[in-house]
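Order of the sequence lines fixes the chain letters, A, B, ..., with proteins taken first and strands second; residue numbering starts at 1 for each chain. Below, all heavy atoms of this structure are taken into account, side chains as well, without hydrogens, waters or symmetry copies.
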Protein chains: 2
Amino acid sequence: MSGIADVAALAGVSKSTASRALTGGGYVSEGTRQRVIDAARVIGYVASPNAASLVTGRTKNVGVIIPFVNRWYFGEVLEGLEDALLACDYDLTLYNVRPGSASRARIFEHFLARKRFDGIITIGIEPSPDELERLVSLDRPVVALGGQLPGITSVSIDDVAVSRLATEHLIGLGHSRIVHIGGERTDDLTTSVHGRRLAGYIEAMENAGLGEHVLYVPSDMSVPGGYAAGVQVIGDPRTRPTAISAASDEVAVGTIVAARRTGVGVPSDLSVVGVDGHEYAEMFSLTTVEQSPRDQGTAIVELLMGVLSGGPHETEVLLHPTRLVVRSSTAPPRGDGANPS
Amino acid sequence: MSGIADVAALAGVSKSTASRALTGGGYVSEGTRQRVIDAARVIGYVASPNAASLVTGRTKNVGVIIPFVNRWYFGEVLEGLEDALLACDYDLTLYNVRPGSASRARIFEHFLARKRFDGIITIGIEPSPDELERLVSLDRPVVALGGQLPGITSVSIDDVAVSRLATEHLIGLGHSRIVHIGGERTDDLTTSVHGRRLAGYIEAMENAGLGEHVLYVPSDMSVPGGYAAGVQVIGDPRTRPTAISAASDEVAVGTIVAARRTGVGVPSDLSVVGVDGHEYAEMFSLTTVEQSPRDQGTAIVELLMGVLSGGPHETEVLLHPTRLVVRSSTAPPRGDGANPS
DNA sequence: CTGAAAGCGCTAACAC
DNA sequence: GTGTTAGCGCTTTCAG
């Protein structure tokens with residue numbers, strides 16, 4: 001293992017000069033710098049991050065705390081994060097904290113305390129008070145994506161607007177019997193993603209004078225969740241809506257699968273919109289409010305870099321839904337009047 | 001930041017004794033050990049991994065090289081890895097090397113060289129000679145899941161057997177016009193997962209005297225890939241098979257979506273089997289050879305731990321398909337005789 | 001069984 | 001501009 005001393009020797013300079021040339025701190029003449037860099041390349045020298053971290057206190061590594069890897073939204077964000085972090089020369093260490101899992105506890109109690117990172121990115125985490133406390137006590141910058149945590153700088157998409165937009169699209173098509181799948185009855189309407197998307201739906205419905213038709217069915221934010229809810233909602237032909245506003249694309253996909261299985265055509269007999277821009281949208285003729293999770297990942301990394309560099313930075317970024325992408329025409333069913341059952 | 005010195009002081013011993021007590025190396029009297037451990041707990045002491053690594057050379061961290069995060073199989077494996085690694089007190093740093101991406105090159109050239117890990121786990125990687133060379137030159141144990149690399153200890157599932165099993169299931173149901181989706185024409189039949197699963201299909205067909213019906217359509221190992229191939233395969237009613245053996249569950253799901261969309265019933269007019277135990281299998285009435293990716297993750301971690309501990313370990317583990325899980329009955333279509341078009 | 005001292009590989013003051 | 005020196009926080013010989 002060649003160390004910086006070897007590089008220095010080969011270049012005919014001292015270790016400190018070699019270090020300066022390589023890390024770019026302090027004055028080095030252009031000639032020396034080149035010789036050192038060449039020497040490093042010849043030897044194939046790469047600095048030991050441990051040794052460097054020990055003295056600088058910085059690790060060139062960030063921790064990512066994420067509840068799922070294997071749900072479309074989270075996987076996509078994670079890939080976005082990895083790309084963005086690489087571009088900034090940071091490694092990424094993964095902390096997978098499935099809600100309620102044993103590993104979640106161990107991570108918060110044990111692993112994070114190692115502080116192997118310069119900063120932390122949390123994705124869609126709703127931390128318990130205890131977890132939040134531990135997060136803060138790490139004394140490293142924390143930035144959150146999705147759901148602003150008290151005192152933590154965050155990036156969120158405008159969940160209310162996004163869901164309102166989706167619902168308005170359905171209303172614009174002439175639907176009135178629109179149900180929302182995804183909100184949880186117990187949620188505070190501003191505190192969680194679930195809740196805010198539900199709020200957007202309600203807002204749209206009431207604005208359109210459809211308040212009496214407001215109806216939501218709770219669901220996991222996942223494809224199987226949407227499927228289960230879909231079966232329930234579509235099951236009874238007498239109460240079946242003509243359109244569904246889904247809290248996420250994954251829910252929407254699950255719902256559509258359920259609809260097809262039930263023999264209800266999609267979208268001719270039923271319109272479904274979701275939020276996120278899922279890669280399956282096309283396959284399922286899904287209409288979607290596009291809000292790329294990858295870009296969300298990029299945005300949160302940018303924010304963290306701002307914090308790390310100590311410069312000024314926004315403390316709360318709200319991503320606005322820019323456009324509604326229609327992957328298929330979703331015509332309103334005939335005979336859907338103002339006076340449904 | 002409290003250091004080991006503080007712990008030592010509080011316990012009334014020297015740093016070296018404190019270190020021994022905490023890391024379990026060398027002799028410490030039981031009483032002292034307890035006092036040190038208590039002191040550490042009181043202060044909330046956690047050793048700096050950097051400092052420790054610097055001197056021991058071990059990092060308590062493993063690198064995971066994976067081509068996708070956001071494909072079901074890979075996401076599932078990754079979650080399995082994370083769990084298994086945590087259990088062994090290892091951190092996980094993620095290297096996402098999408099084939100052909102710019103980050104892939106940077107990772108192999110730059111990031112891996114930092115050697116922030118005691119070992120490397122690769123998932124379904126087909127490295128170029130150059131990449132393989134770099135991997136080896138890291139001088140850290142490398143274990144591979146899926147596809148044995150020359151000179152690298154590996155865990156694989158028995159792809160040939162798994163695919164044969166799936167195909168035999170269809171044959172057993174009375175099908176003869178069975179096409180395989182997933183193999184790539186260019187593949188060596190033993191070198192890649194694609195290739196081996198194709199081989200298993202061919203084996204089953206020939207064993208059953210159906211060699212003349214062997215037909216495969218190449219596809220990405222993904223849901224959209226399966227969808228595209230499915231549209232193509234099912235599109236023409238004259239050549240349409242009665243059953244499909246898919247190289248993976250994701251392909252199978254895509255195929256089923258295509259089938260439904262084309263108006264071909266599933267499974268009444270078409271049977272599809274896949275490999276892996278996908279969580280969507282139930283939603284899609286998919287028959288599957290179960291081979292949990294999570295367990296594969298666990299297995300590969302066990303193997304790596306064996307290598308790291310220096311003890312004896314198997315150098316190549318083959319996971320055998322244990323069972324075929326039927327999520328729905330897939331009756332053969334009537335009139336499917338020995339003499340298809 | 002315990003303590004003193006050396007040093008892992010690097011960067012950051014500080015002199016020159 | 002460049003070299004010398006002093007650690008970063010820990011583990012590990014090596015005496016005692």
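A/Glu82 places a side-chain N or O within donor-acceptor distance of the main-chain N or O of B/Asn96, the cut-off being under 3.5 Å. Side-chain N or O atoms of B/Ser19 include none that pairs as donor or acceptor with a backbone N or O of B/Lys15 at under 3.5 Å.
One distance of note links CD1 of A/Ile107 with OG of A/Ser101; it measures 7.0 Å at 0.5 Å rounding. In this structure, CG on B/Leu94 lies 12.0 Å from CZ on B/Phe111, to the nearest 0.5 angstrom.
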Donor-acceptor pairs are to be reported for all side-chain atoms of residues 304-314 of chain B against protein atoms at under 3.5 Å, with residues two or more places apart or in another chain.
| unit_1 | atom_1 | unit_2 | atom_2 | d |
| --- | --- | --- | --- | --- |
| B/Ser309 | OG | B/Met305 | O | 3.3 |
| B/Ser309 | OG | B/Gly306 | O | 3.0 |
| B/His313 | ND1 | B/Gly311 | O | 3.1 |

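Note on residues 59-78 of chain A: pairs passing side chain to side chain donor-acceptor pair (under 3.5 Å), not counting sequence neighbours, are A/Thr59-A/Asp118, A/Asn70-B/Glu76, A/Tyr73-A/Gln296, A/Glu76-A/Arg294, A/Glu76-B/Asn70.
The existence of a salt bridge linking B/Arg114 and A/Asp89 is confirmed by a sub-4.0 Å separation between a basic side-chain nitrogen and an acidic carboxylate oxygen.
On the nucleic acid side, DNA chain D contacts chain A at distances under 4.0 Å to non-hydrogen atoms, with the end points of that region at D/dG1 to D/dG9.
Two end axes, each from the C1' atoms of five base pairs, can be drawn for the helix from C/dC1-D/dG16 to C/dC16-D/dG1; they diverge by 40°, to 10 degrees.
Within the nucleic acid shown, A/Thr32 comes within 4.0 Å of sugar-phosphate atoms alone, with no base atom in reach, counting heavy atoms only.
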Practice task
For side-chain contact (heavy atoms from CB on, under 4.5 Å), just list the numbers for B/Leu92 and B/Leu86, CA-CA rounded to whole Å, side-chain angles, deciding distance to a tenth of an Å, and then say yes or no.
Solution key: CA-CA 8 Å; B/Leu92 183 164; B/Leu86 284 204; over 6 Å; no
Problem - A/Leu81/A/Ile121 under side-chain contact (heavy atoms from CB on, under 4.5 Å): CA gap, chis, key distance, verdict - result: CA-CA 9 Å; A/Leu81 287 177; A/Ile121 297 176; 4.0 Å; yes
Exercise for the section: Heavy atoms under 4.0 Å is the rule here; annotate nucleotides 9-16 of chain C 5' to 3' with B where the base is hit, S where only the sugar-phosphate is, and - elsewhere. Expected result: BBSBB---
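The interatomic distance linking B/Gln34 (CD) with C/dC1 (C1') rounds to 17 Å, in whole Å.
For A/Asp83, the salt bridge (Lys or Arg N to Asp or Glu O under 4.0 Å) partners two or more places apart in sequence, or in a different chain, are B/Arg98.
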